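In what follows, a structure is listed as structure tokens, so that the remarks can point back to it.
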Amino acid sequence: MVRRAFLEIETVVSVSLSLGLGWAAAGCGKLTLNQVRPTPSTPNASSVLHPAIYPLSLLSVQKSTLTPSFQVQGLPSGSLIELLVNADENCLNGSIYQIQSTSQAFETITAEQLPVLGDAPSFRVFATLPDSSTICTNALNYEFNTLKTAVQVAASYQHSCALLQNQEVRCWGDNGHGQLGNGTITSSATPAVVPGLSAIEISSGDYHTCALAVGGAVKCWGLNQSGELGDGTLTESHLPVTVPALMATHIAASGGHTCAVLTNGSVKCWGGNSGGQLGNGTTVDSPIPVLVPGIAASNVVVGGGHSCALLLDGTVNCWGSNGVGQLGNGSTTDSLSPVLVPGITATAISAGLFHTCAISSLRQVRCWGGNTHGELGDGSGADSSSPVLVPGVSANLISAGFFHTCAATSGGALQCWGANESGQLGDGTQSPSLSPVSAADVTPLGIAAGYQHTCVVTSSEGVKCWGSFLNGRLGDAAPTSTTLPTLVHGLKATALVTGGDHSCAILLDGSVQCWGRNGNGEVGNLNFAGFFTPQSQDDALLVPADIIAAGGANTCAIPSGGGNVTCWGATDFSPFPMAAVFPAGGILPATDMGLPATSLAAGNTHTCVISAGDVYCWGSNDNGELGNGTTTYSNTPVLVPGVTATALAVGASHTCALLAGGAVKCWGLNTNGQLGNATTVSSLIPVLVPGLSAMSLVAGGRHTCALSAGGSVKCWGLNANGQLGNGTTLQSTTPVLVPNLAAHALASGDSHTCAVLLNNTVKCWGSNASHQLGTSSSPSSTTPVAVTDIFAVTSVAAGRAHTCALLGNGSVRCWGEDDSGQLGDGTRLLSIRSVIQ
């Protein structure tokens with residue numbers, strides 16, 4: 001829970017900017033891509049190019065890394081430096097990448113974790129000198145080593161592969177089963193060579209990959225639990241293995257099976273066969289190729305549980321699972337042998353998880369099968385067991401992903417349709433589309449639509465990918481998170497909270513703005529797409545607010561001046577279901593919980609408030625987290641008996657209350673000691689945390705921390721990632737001291753904890769898998785580590801795997817996981833990226 005407060009903090013600022021960047025103190029503070037520098041209203045006379053006086057030089061070897069280093073010379077100590085991308089000669093209209101101060105005349109700037117911005121972006125330095133004059137240096141280009149020589153790309157669940165002109169295969173992304181083929185099970189965010197392989201075609205399944213080798217042999221690698229590698233075993237392989245006695249002209253790999261067109265036109269398949277996808281009349285898995293009888297084909301494609309072949313006469317036959325019509329024969333009955341897709345003559349086909357698409361001889365696109373996400377592209381959203389026309393698309397290439405489809409048009413453009421939760425359609429949004437939308441500005445020579453990402457081979461810029469970056473599947477090693485506090489643009493706030501994967505702030509006028517994940521409406525906007533910058537609420541009832549809290553997938557607020565708690569957002573266990581939050585008619589009312597309150601806290605699945613000193617909770621109650629002596633879910637507030645509280649802390653499945661005298665009581669799940677009562681027995685009613693006197697509380701996923709009046713911090717509960725901060729990873733059922741720490745505010749995420757120290761800096765401890773500790777030094781820390789380059793902090797908030805801080809000047813800075821835009825800096829639009837070789 002955070003209450004609005006107008007704070008005055010005296011901050012010593014060694015360098016100031018007059019460009020509206022909200023810089024609070026000298027130091028390094030990474031700003032973000034895609035932020036356009038505002039044009040000064042009265043440009044400084046010295047804001048001109050000075051390459052001779054302040055030359056910028058490139059220290060990195062070209063094409064070497066994603067972290068080029070530059071050096072600017074001649075700057076006086078105390079200058080403020082901004083590294084700009086693709087700015088003009090006056091350092092205007094460019095993207096601010098990084099900002100830092102200089103203490104020496106030769107300042108080295110390393111563009112750490114730089115996302116690819118084209119093959120050779122231009123860099124300049126804009127500096128504000130101690131006398132407030134400004135300079136703009138000369139421009140330098142840094143050339144990235146992209147996969148310019150690729151001729152084919154394949155994308156599947158969480159990995160991708162490219163075939164190069166020299167017949168080499170490189171793969172990147174998830175590698176838990178060796179699907180990258182490089183002899184390891186270590187995932188790679190940049191393309192790794194598949195050794196000893198010369199190929200002419202590649203295809204990726206969920207957890208395996210196959211290649212058609214030079215000469216016609218088929219080689220596969222990765223998971224093999226259903227025999228999808230075809231080598232006669234069920235043993236996974238981290239290097240290519242040969243499918244014996246097989247000479248092929250085309251291959252296709254998908255979920256758990258693989259098919260190939262042989263040199264005589266016959267088709268053989270192997271692997272999983274639960275739906276008859278091997279086409280041999282049985283449902284028995286086979287670790288060796290079996291013949292699909294009765295067809296002669298020029299190509300074959302495979303989906304999740306079905307297969308299709310383009311026959312030599314242009315007709316299409318399909319077989320296997322058919323629950324949503326993916327066989328295209330007008331029925332939803334599975335078929336263990338090939339059936340004709342009537343009324344279509346095709347030149348190309350592609351199979352998704354539950355749908356299939358074909359390009360006709362007239363270049364029309366027709367699709368059939370599952371359409372829940374709009375993957376058929378006909379605008380209806382309804383499944384179809386017969387081919388339906390994708391209107392307005394004349395295509396040369398087609399690729400059906402898990403739940404989306406992309407086509408290269410006759411004019412050289414790219415159009416996509418279907419699911420878009422990770423930006424896989426490439427249109428700059430995360431909104432699904434039932435009809436084709438114009439995708440990234442590329443000229444595709446090849447397309448591969450995967451699970452939540454898409455890759456293309458371009459005519460001049462190599463391989464480019466967009467969509468979900470998880471496990472490195474985009475191939476450019478760009479960060480999935482950021483270690484440095486990034487500025488939330490255009491935001492001046494008085495209060496700040498973070499939910500599971502979203503963040504919210506109360507602005508100076510009392511209005512509420514939220515950003516990040518919005519799949520359940522937790523941002524409070526009618527558009528279910530995620531938002532990467534702060535968004536105003538659609539409901540006037542939410543404005544203004546004094547107190548705000550964010551949970552796993554919901555947000556609640558207390559109106560300014562008091563009043564009933566209002567909440568928005570929804571989850572499966574929510575007291576305000578989706579139909580209530582987003583009714584027909586397009587109006588987004590907040591849910592009035594019918595209870596006035598002075599304090600509130602939201603957890604993953606339940607929410608609690610203080611009303612006239614009493615505690616009320618609602619939501620999930622499987623572990624007694626509502627504290628009313630039952631395990632019965634409640635969609636209305638229920639009283640927690642016997643507790644008079646001044647503050648609350650809500651974890652994943654437990655709740656704690658701060659009593660008037662400083663004592664603490666907790667209830668709910670206690671398997672890791674998060675109730676602090678020296679047991680691991682869960683409790684349906686409040687139990688006392690013995691020997692504790694606190695002034696504030698926070699609760700993480702399965703741990704709790706308390707701040708004493710003297711500034712000391714004690715924590716208890718789960719400690720697998722060091723979230724208790726006592727130098728160990730041993731859980732504790734009673735409070736343990738976080739040593740050498742004096743704080744005035746706390747925040748707790750799922751598996752990490754942060755504190756605002758008495759000098760208004762921040763230290764964090766616990767899990768650091770997404771850099772939520774503000775450092776890249778280790779995957780976790782059992783003791784507090786300083787968050788670099790952030791000062792004058794008044795409060796801190798921690799989400800599932802991200803952290804935000806409110807500064808004394810009202811600006812907000814966030815760091816950590818950014819997959820849903822929860823950092824609010826506009827950088828997680830999941831835009832197109834070049835794949836680095």
Side-chain angles (χ1 to χ4, degrees), residues 150 152-157 160-162 202-204 252 254 301 303-304 308 346-360 363-379 388-459 461-468 473-475 830-835:
Q152 187 194 353
V153 64
S156 188
Y157 181 46
S160 311
C161 294
I202 54 174
S203 185
S204 294
S254 187
V301 295
C308 293
T347 59
I349 56 174
S350 184
L353 189 63
F354 300 120
H355 74 292
T356 314
C357 292
I359 299 176
S360 74
R363 294 189 175 177
Q364 293 178 329
V365 176
R366 295 183 182 271
C367 299
W368 56 92
N371 198 25
T372 304
H373 304 273
E375 51 265 56
L376 301 190
D378 67 339
V388 294
L389 179 69
V390 180
V393 177
S394 175
N396 292 327
L397 301 170
I398 189 80
S399 180
F402 276 55
F403 299 108
H404 76 291
T405 311
C406 291
T409 69
S410 302
L414 183 67
Q415 291 193 305
C416 298
W417 54 92
N420 198 29
E421 69 277 13
S422 296
Q424 58 262 48
L425 298 189
D427 65 343
T429 77
Q430 286 183 296
S431 300
S433 180
L434 303 179
S435 302
V437 295
S438 295
D441 185 15
V442 293
T443 302
L445 301 179
I447 312 170
Y451 171 41
Q452 292 177 326
H453 72 297
T454 307
C455 294
V456 298
V457 179
T458 69
S459 58
E461 298 176 296
V463 175
K464 293 198 169 187
C465 300
W466 56 89
S468 174
R473 72 186 81 168
L474 299 190
L830 302 168
S831 58
I832 189 167
R833 301 180 184 176
S834 296
V835 176

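Values in this document were obtained by computation on a predicted structure and should not be read as measured data.
- A heavy-atom distance below 4.5 Å is not found between the side chains of Arg366 and Val388.
- You'll find the side chain of Asn371 stays beyond 4.5 Å of the side chain of His355, heavy atoms only.
- Rounding to the nearest 0.5 angstrom, the gap separating the CD atom in Glu375 from the OG1 atom in Thr356 is 10.5 Å.
- Evaluation of the ring-ring contact (aromatic ring centres under 6.0 Å, His included) rule for Tyr451 yields Tyr157, Phe402 as partners, not counting sequence neighbours.
- The minimum heavy-atom distance linking Ser160 with Cys455 is given by the pair OG-SG, 4.0 Å.
- Within the 4.5 Å cutoff, the side chain of Cys367 has no heavy atoms near those of the Asp378 side chain.
- Heavy-atom minimum distance, Ala395 versus Ala407: CB-CB, 4.0 Å.
- Residues Ala346 and Ala358 come closest through the heavy atom pair CB-CB, 4.0 Å.
- Here the OG1-CG distance, from Thr454 to Asn420, works out to 8.5 Å after rounding to the nearest 0.5 Å.
- Partners of Ser410 under the side chain to side chain contact (heavy atoms under 4.5 Å, CB included) rule, at least two apart in sequence or in another chain, are Arg363, Ser394, Asn396.
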*I would like to know whether His453 and Ser422 meet side-chain hydrogen bond (donor to acceptor under 3.5 Å, both in side chains); could you show each step before the answer?*
CA-CA 7 Å; His453 72 297; Ser422 296; over 6 Å; no

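- The side-chain heavy atoms of Ser433 and Leu425, taken from C-beta on, include a pair separated by under 4.5 Å.
- At least one side-chain heavy atom of Leu414 sits under 4.5 Å from a side-chain heavy atom of Cys406.
- Shown here for Val463 and Ala150, the closest heavy-atom pair between the two residues is CG2-CB, 3.4 Å.
- The closest side-chain heavy-atom distance from Trp417 to Pro436 is below 4.5 Å.
- With contacts defined as side-chain heavy-atom distances shorter than 4.5 Å, the pair Gln452/Glu421 qualifies.
- A distance of 7.0 Å separates CG of Leu445 from OG1 of Thr458, quoted to the nearest 0.5 Å.
- Listed here is the closest heavy atom pair of Ser254 and Gly304: OG-N, 3.9 Å.
- Remark: Ile359 CD1 to Ile349 CD1 distance equals 11.0 Å, nearest 0.5 Å.
- The two residues Ser350 and Ala400 make their nearest non-hydrogen contact at OG-N, 2.8 Å.
- Under the 4.5 Å side-chain criterion, counting only non-hydrogen atoms from C-beta, Cys416 is not in contact with Asp427.
- Taking SG from Cys357 and CG from Leu376, the interatomic distance works out to 6.5 Å, rounded to the nearest 0.5 Å.
- Taking CD of Gln415 as the reference point, atom OG1 of Thr405 lies at 12.5 Å (rounded to 0.5 Å).
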